[in-house]
Undergrad: 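Sharing a structure below in structure tokens format, with a few things to ask.
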Amino acid sequence: MTDDGIEAVDYHCGGEPFRIVTTTAVPAGATVAEKRVAAAVDPEVDGLRQLLCSEPRGHADMYGGFIVAPDDPGAHFGVLFWHKDGFSAACGHGTMCLGTWAVQTGLVPVDPSGVTDVVIDVPSGRVTARVSTAGTKVTAVDFVSVAGYLLHDEIVVETSRGAASGTIAFGGAIYAHVPTATFGLSVDKASLPELIALGREIKNEITATAYAEHPLDPRLSGVYGVIFFDELGDEDGAVRQRNVTVFADGQVDRSPCGSGTASRVAALHSSGRLATDGTLVHSSIVGSTWSARIADTTVVAGRNAVLPVVTGRAFRTGHHRFVVDPDDDLVPGFVLR
């Protein structure tokens with residue numbers, strides 16, 4: 001941190017916060033994936049993450065990203081996604097925020113066609129924020145994900161509320177998918193404390209097992225989050241669900257979860273529930289709703305895979321200059337959950 005502090009701009013997408021920081025120490029590494037590994041053990045970079053996530057400057061559910069150089073000139077920039085527990089491999093809502101920010105700030109000029117592709121290198125690969133505009137107004141943004149695919153179907157996990165059956169799928173990160181009806185709960189505020197506890201249990205139960213192994217890159221192994229979902233009924237080719245994703249160590253995604261939605265698309269398509277030309281209408285615990293579709297199909301590591309596109313909107317919420325008083329004895333801060 002310089003004497004002038006750290007500048008940041010905050011956005012939200014579907015209610016989930018995203019704090020963008022453009023000036024920070026650059027961790028070692030030729031690629032964004034390598035920089036993610038280095039950032040986790042770099043005292044300056046990780047210290048800044050802790051400062052911006054922890055109270056009183058952040059909170060237990062804070063999320064953000066450090067802008068870094070892309071892997072090559074084929075992308076506009078790279079990003080290291082972070083939360084209170086470390087650095088994540090993917091973030092769909094953050095990608096949508098970054099695309100909106102890049103267009104609104106002029107970092108990426110608006111395409112006269114009204115659709116501007118912002119290409120971003122993230123630890124799990126290269127993604128695109130496809131930003132739709134009407135004049136200077138951003139009207140929508142697509143998160144064009146890396147390929148998503150089913151890893152394991154119908155696994156059983158023991159929890160404090162009994163056995164739970166779910167699936168494991170990849171959508172830039174690895175997620176477990178569990179229906180809330182398994183526990184007699186719903187995706188709502190009243191059930192949230194129990195869902196947070198169950199999310200931690202399920203993640204801890206399987207994250208170090210073969211179920212959580214990435215087939216190509218061990219840096220992407222481990223269960224990142226648990227997606228609890230309610231069925232809202234299918235209609236006119238659309239699967240309608242409401243979910244809450246509990247990720248990292250009990251962190252709650254307010255949005256429908258971008259990379260989680262991508263993994264949900266992969267799981268639903270693998271089961272035959274979501275047609276290649278179908279739509280997933282995905283709602284969150286706070287009532288925000290995104291749509292998701294399949295742009296194409298492919299094969300990854302011998303698995304049938306899809307290329308998901310998730311559509312939402314992102315909005316700027318504030319500009320900040322964070323400082324540290326040299327006499328402050330609560331640096332980098334604290335979290336209460």
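On a predicted model such as this, the values are computed, not experimentally measured, just so you know.
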Undergrad: Between the side chain of Glu201 and the main-chain N/O of Ser160, is any donor-acceptor distance below 3.5 Å?
TA: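 Present.
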Undergrad: Would Asp142 and Thr311 count as a side-chain hydrogen bond (donor to acceptor under 3.5 Å, both in side chains) if you check the C-alpha gap in whole Å, the side-chain angles of each, and the deciding distance to 0.1 Å?
TA: CA-CA 4 Å; Asp142 291 344; Thr311 302; 2.6 Å; yes
Undergrad: Main chain of Asn204, side chain of Thr207: is a donor-acceptor contact present, judged purely on distance under 3.5 Å?
TA: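 Not at all, since once roles are kept as given, no pair shorter than 3.5 Å links the two residues.
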Undergrad: Assess whether a salt bridge exists between Asp10 and Arg316, defined as any Lys/Arg side-chain N lying under 4.0 Å from an Asp/Glu carboxylate O.
TA: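 No, Asp10 and Arg316 are not salt-bridged.
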Undergrad: To the nearest 0.5 Å, what is the distance between OG1 (Thr245) and CG (Asp253)?
TA: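 Rounded to the nearest 0.5 Å, the OG1-CG separation comes to 5.5 Å.
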Undergrad: Does a side-chain heavy-atom distance below 4.5 Å link Val103 with Thr133?
TA: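 Side chain of Val103 against side chain of Thr133, heavy atoms only: contact under 4.5 Å found.
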Undergrad: Go through Ser54 and Phe334 one step at a time and tell me if the side-chain contact (heavy atoms from CB on, under 4.5 Å) criterion holds.
TA: CA-CA 5 Å; Ser54 302; Phe334 55 90; 5.7 Å; no
Undergrad: Run the ring-ring contact (aromatic ring centres under 6.0 Å, His included) test against His59 and tell me which residues pass, sequence neighbours left out.
TA: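 Testing His59 for ring-ring contact (aromatic ring centres under 6.0 Å, His included), a comparison that skips the adjacent residues, returns none.
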Undergrad: Should the pair Phe183 and Phe228 be assigned to parallel (<30°), tilted (30 to 60°) or perpendicular (>60°) ring geometry?
TA: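 Because their plane-to-plane angle is over 60°, the rings of Phe183 and Phe228 count as perpendicular.
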Undergrad: Regarding Tyr11 and Gln104, do their side chains bring together a donor and an acceptor under 3.5 Å, going by distance alone?
TA: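 There is such a pair between these side chains.
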Undergrad: Report yes if the side chains of Val252 and Leu192 come closer than 4.5 Å at any heavy-atom pair, otherwise no.
TA: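 The answer is yes, as the side chains (C-beta and beyond) meet within the 4.5 Å cut-off.
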Undergrad: Say whether Val178 and Ile155 are linked into one hydrophobic cluster, either directly or through other cluster members, by side-chain heavy-atom distances under 4.5 angstrom.
TA: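 Yes: a chain of side-chain contacts under 4.5 Å links Val178 to Ile155.
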Undergrad: Let me check something: do Leu150 and Val300 share a hydrophobic cluster, defined by ILVMFWY side-chain heavy atoms less than 4.5 Å apart, either directly or through other members?
TA: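 Different hydrophobic clusters.
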Undergrad: Can you check whether Gly260's main-chain N or O pairs, donor with acceptor, with Ser263's side chain at less than 3.5 Å?
TA: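 Yes.
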Undergrad: Cluster question for you: counting only ILVMFWY and a side-chain heavy-atom cut-off of under 4.5 Å, with indirect links fine, are Val68 and Trp101 together?
TA: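 As far as the 4.5 Å side-chain criterion goes, Trp101 and Val68 are not connected within one cluster.
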Undergrad: Quick one, Thr22 and Phe77 - any side-chain contact, counting heavy atoms below 4.5 Å?
TA: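 Heavy-atom side-chain distance check fails, nothing below 4.5 Å.
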Undergrad: Can you confirm whether Val108 sits close enough to Asp117 that some side-chain heavy atom of one is under 4.5 Å from a side-chain heavy atom of the other?
TA: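 Sidechains of Asp117 and Val108: no contact.
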Undergrad: Given salt bridge (Lys or Arg N to Asp or Glu O under 4.0 Å), test Arg273 with Asp234 step by step and report yes or no.
TA: CA-CA 10 Å; Arg273 175 90 176 275; Asp234 296 359; 3.0 Å; yes
Undergrad: Out of curiosity, Leu216 CG to Ser124 OG, how far, rounded to the nearest 0.5 Å?
TA: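 Nearest 0.5 Å value for the CG-OG distance: 12.0 Å.
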Undergrad: Taking all non-hydrogen atoms of both residues into account, name the closest pair between Leu151 and Pro215 and its distance.
TA: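 Smallest heavy-atom distance, with atoms named: CD2-CD, 3.8 Å.
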Undergrad: With a 6.0 Å cut-off on the ring centroids, do Phe170 and His214 count as close?
TA: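 When the ring centroids of Phe170 and His214 are compared, they turn out to be within the sub-6.0 Å range.
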Undergrad: When Asp249 is tested against each of Arg200, Lys203, Arg337 for salt bridge (charged side-chain N to carboxylate O under 4.0 Å, His left out), which residue passes?
TA: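 Exactly one candidate clears the test, Arg200.
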Undergrad: Are Trp82 and Tyr63 close enough that their ring centers fall under 6.0 Å?
TA: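 No, they do not, as the ring centres are separated by 6.0 Å or more.
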Undergrad: Can you tell me how far OG1 of Thr276 sits from CG of Leu274, rounded to the nearest 0.5 angstrom?
TA: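 Here the interatomic distance stands at 8.0 Å.
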Undergrad: Closer than 3.5 angstrom, by distance alone: can the side chain of Ser288 be matched with the main-chain N or O of Gly14 as a donor-acceptor pair?
TA: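 A pair under 3.5 Å: yes.
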Undergrad: Report yes or no: do Trp290 and Val306 belong to one cluster of Ile/Leu/Val/Met/Phe/Trp/Tyr joined by side chain heavy-atom distances under 4.5 Å?
TA: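 No; tracing contacts between hydrophobic side chains, which count when under 4.5 Å, never links both residues.
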Undergrad: Are the side chains of Arg219 and Val37 in touch, meaning some heavy atoms are under 4.5 Å apart?
TA: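 Yes. Closest side-chain heavy atoms under 4.5 Å.
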Undergrad: Would Val146 and Val127 count as a side-chain contact (heavy atoms from CB on, under 4.5 Å) here? Give the steps.
TA: CA-CA 6 Å; Val146 298; Val127 299; 3.8 Å; yes
Undergrad: May I ask you to say whether Arg240 pairs ionically with Glu231, meaning some side-chain N is under 4.0 Å from a carboxylate O?
TA: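 Not counted as a salt bridge, because no side-chain N and carboxylate O are separated by less than 4.0 Å.
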Undergrad: What pair of heavy atoms forms the shortest contact from Ala173 to Ala90, and how long is it?
TA: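 Taking Ala173 first and Ala90 second, the nearest heavy atoms are N-CB, 4.3 Å.
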Undergrad: With rounding to the nearest 0.5 angstrom, report the CZ to CD distance, Arg49 to Glu44.
TA: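 Here the rounded value is 14.0 Å.
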Undergrad: May I ask you to decide whether Arg36 forms a salt bridge with Asp42, counting only side-chain N to carboxylate O separations under 4.0 Å?
TA: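 Here Arg36 does not pair with Asp42 in a salt bridge, since their nearest N and O are not under 4.0 Å apart.
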Undergrad: State whether a side-chain donor-acceptor pair under 3.5 Å links Ser221 with Glu213.
TA: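 There is no such pair (donor and acceptor under 3.5 Å, judged by atom type) between the side chains of Ser221 and Glu213.
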Undergrad: Looking at Ser191 and Val187, would you say the former's side chain and the latter's main chain have a donor-acceptor pair under 3.5 Å?
TA: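 A pair under 3.5 Å: no.
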Undergrad: Identify the heavy atoms of Met96 and Val310 that sit nearest to each other, and give their distance.
TA: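 Between these two residues, the closest heavy atoms are SD-O, 4.0 Å.
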Undergrad: Side chain of Thr209, backbone of Ile206: donor and acceptor closer than 3.5 Å?
TA: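 At least one qualifying donor-acceptor pair exists.
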Undergrad: Evaluate the side-chain contact (heavy atoms from CB on, under 4.5 Å) criterion for residues Glu55 and Leu336: first the C-alpha distance (whole Å), next the side-chain angles of each, then the deciding distance (0.1 Å), finally the verdict.
TA: CA-CA 9 Å; Glu55 295 184 51; Leu336 292 180; 4.1 Å; yes
Undergrad: Indicate yes or no for a side-chain donor-acceptor contact from Arg293 to the backbone of Leu280 under 3.5 Å, with no hydrogens or angles considered.
TA: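 Side chain of Arg293 to backbone of Leu280, a donor-acceptor pair under 3.5 Å: no, none is there.
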Undergrad: For the residue pair Asp153 / Thr167, report whether a side-chain donor-acceptor contact shorter than 3.5 Å exists.
TA: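 No, no side-chain donor-acceptor contact under 3.5 Å.
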Undergrad: Cation over ring, Arg264 on Phe229, under 6.0 Å and within 45°?
TA: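 The answer is yes; both the distance and angle limits are met.
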Undergrad: Side chains of Ser291 and His282 only: does a donor on one sit below 3.5 Å from an acceptor on the other?
TA: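 No, because no side-chain N or O of Ser291 sits under 3.5 Å from a partner of the opposite role on His282.
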Undergrad: Are His93 and Phe143 close enough that their ring centres sit under 6.0 Å apart?
TA: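 No, they do not, as the ring centres are separated by 6.0 Å or more.
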Undergrad: Grab the two heavy atoms, one from Thr116 and one from Pro109, that are nearest each other, plus how far apart they are.
TA: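 What the structure gives for the nearest pair is CG2-O, 3.4 Å.
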Undergrad: Begin from the C-alpha positions of Leu307 and Ile294 and carry the test side-chain contact (heavy atoms from CB on, under 4.5 Å) through to its verdict.
TA: CA-CA 6 Å; Leu307 296 175; Ile294 297 169; 5.8 Å; no
Undergrad: Identify, with sequence neighbours excluded, every residue that meets ring-ring contact (aromatic ring centres under 6.0 Å, His included) alongside Phe87.
TA: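 Applying ring-ring contact (aromatic ring centres under 6.0 Å, His included) to Phe87 gives none.
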Undergrad: My understanding is that only one of Asp188, Asn243, Leu195 makes a side chain to side chain contact (heavy atoms under 4.5 Å, CB included) with Thr180; could you say which?
TA: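 Per the side chain to side chain contact (heavy atoms under 4.5 Å, CB included) rule, the option paired with Thr180 is Leu195, out of Asp188, Asn243, Leu195.
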Undergrad: Please work out which of the three classes, parallel, tilted or perpendicular, describes the rings of Tyr175 and His177, given edges at 30° and 60°.
TA: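 His177 and Tyr175: perpendicular rings.
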Undergrad: Would you say the side-chain atoms of Asp71 pair up with the backbone N or O of Val32, donor to acceptor, closer than 3.5 Å?
TA: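 Indeed, once roles are kept as given, a pair shorter than 3.5 Å links the two residues.
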Undergrad: Is there a side-chain contact between Leu98 and Val79, using heavy atoms and a 4.5 Å cut-off?
TA: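 Yes. Closest side-chain heavy atoms under 4.5 Å.
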Undergrad: Would you confirm whether Gln251, through its side chain, and Phe247, through its main-chain N or O, come within 3.5 Å as a donor-acceptor pair?
TA: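 No; judged by distance alone, with no hydrogens or angles, the pair does not exist.
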Undergrad: Got a second to check how far Cys91's SG is from Ile120's CD1, nearest 0.5 Å?
TA: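 Answer rounded to 0.5 Å: 10.0 Å.
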Undergrad: When you measure from the side chain of Lys35 to the backbone of Gly29, do you find a donor-acceptor pair of N or O atoms at a distance under 3.5 Å?
TA: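 Flag set: sc Lys35 to bb Gly29 pair under 3.5 Å.
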Undergrad: So how far is it from Asp121 CG to Thr31 OG1, rounded to the nearest 0.5 Å?
TA: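 OG1 of Thr31 is found 8.5 Å from CG of Asp121.
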Undergrad: Do you reckon Ile202 sits in the same ILVMFWY cluster as Tyr211, going by side-chain contacts under 4.5 Å, direct or chained?
TA: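 Per the 4.5 Å side-chain linkage, Ile202 and Tyr211 are co-clustered.
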Undergrad: Any non-hydrogen side-chain atom of Val115 less than 4.5 Å from a side-chain atom of Val131?
TA: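 Answer no - side chains too far apart.
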Undergrad: Are side-chain heavy atoms of Leu107 and His76 found at a separation under 4.5 Å?
TA: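 The answer is no, as the side chains (C-beta and beyond) never meet within the 4.5 Å cut-off.
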